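Scroll down for the structure; my scribbles are underneath it.
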Amino acid sequence: MEELIMEAYRKAETKDFFAITVHVERLLKKYYSLRDPRTWITTGEVRRILERQGLVFGDSWAVA
């Protein structure tokens with residue numbers, strides 16, 4: 001899941017949190033069935049994974 005989230009970060013046109021989560025959702029729909037439990041991820045989990053990678057979000061913007 002972490003790889004998928006980082007791929008979404010790289011593909012997002014802007015690095016704000018909403019754009020990244022939209023890309024995560026698109027990639028999940030592309031790779032998995034919506035009934036697959038792997039698609040059940042919260043925005044909090046997405047934020048924690050990005051922060052573990054050194055990306056800090058303040059006011060919805062990613063700052064490396």
Side-chain angles (χ1 to χ4, degrees):
M1 186 60 63
E2 193 163 325
E3 292 172 17
L4 185 112
I5 291 170
M6 292 310 297
E7 180 181 345
Y9 175 80
R10 287 188 297 275
K11 288 185 175 187
E13 291 175 13
T14 62
K15 300 305 180 200
D16 69 302
F17 189 68
F18 179 74
I20 296 166
T21 56
V22 167
H23 263 71
V24 169
E25 187 175 324
R26 287 179 185 160
L27 290 172
L28 286 172
K29 287 179 183 178
K30 179 180 177 180
Y31 294 125
Y32 303 106
S33 162
L34 291 179
R35 293 187 202 132
D36 190 328
R38 290 176 287 189
T39 64
W40 304 343
I41 185 167
T42 65
T43 55
E45 291 172 292
V46 172
R47 183 179 295 270
R48 281 189 293 278
I49 288 170
L50 290 171
E51 287 175 346
R52 266 198 310 248
Q53 294 295 319
L55 303 168
V56 179
F57 290 88
D59 297 336
S60 298
W61 292 94
V63 181

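As the structure is a prediction and not an experimental result, all values here were calculated from the model.
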Residue pair [X] / [Y]: nearest heavy atoms and the distance that separates them:
X: Met6; Y: Gln53; answer: SD-CG, 3.4 Å
X: Thr39; Y: Leu28; answer: O-CD1, 3.9 Å
X: Trp40; Y: Leu34; answer: NE1-O, 3.8 Å

Discussion item. Taking side chain to side chain donor-acceptor pair (under 3.5 Å) as the definition, give me every residue that meets it alongside Arg48, ordered by chain and number, with sequence neighbours left out.
Written reply: none
Rounded to the nearest 0.5 Å, how far apart are [atom1] of [X] and [atom2] of [Y]?
X: Tyr9; Y: Leu55; atom1: OH; atom2: CG; value: 4.5 Å
X: Ile49; Y: Glu51; atom1: CD1; atom2: CD; value: 11.0 Å
X: Arg47; Y: Arg52; atom1: CZ; atom2: CZ; value: 14.0 Å
X: Thr43; Y: Phe17; atom1: OG1; atom2: CZ; value: 5.0 Å
X: Lys11; Y: Leu27; atom1: NZ; atom2: CG; value: 5.5 Å
X: Glu7; Y: Ile20; atom1: CD; atom2: CD1; value: 13.0 Å

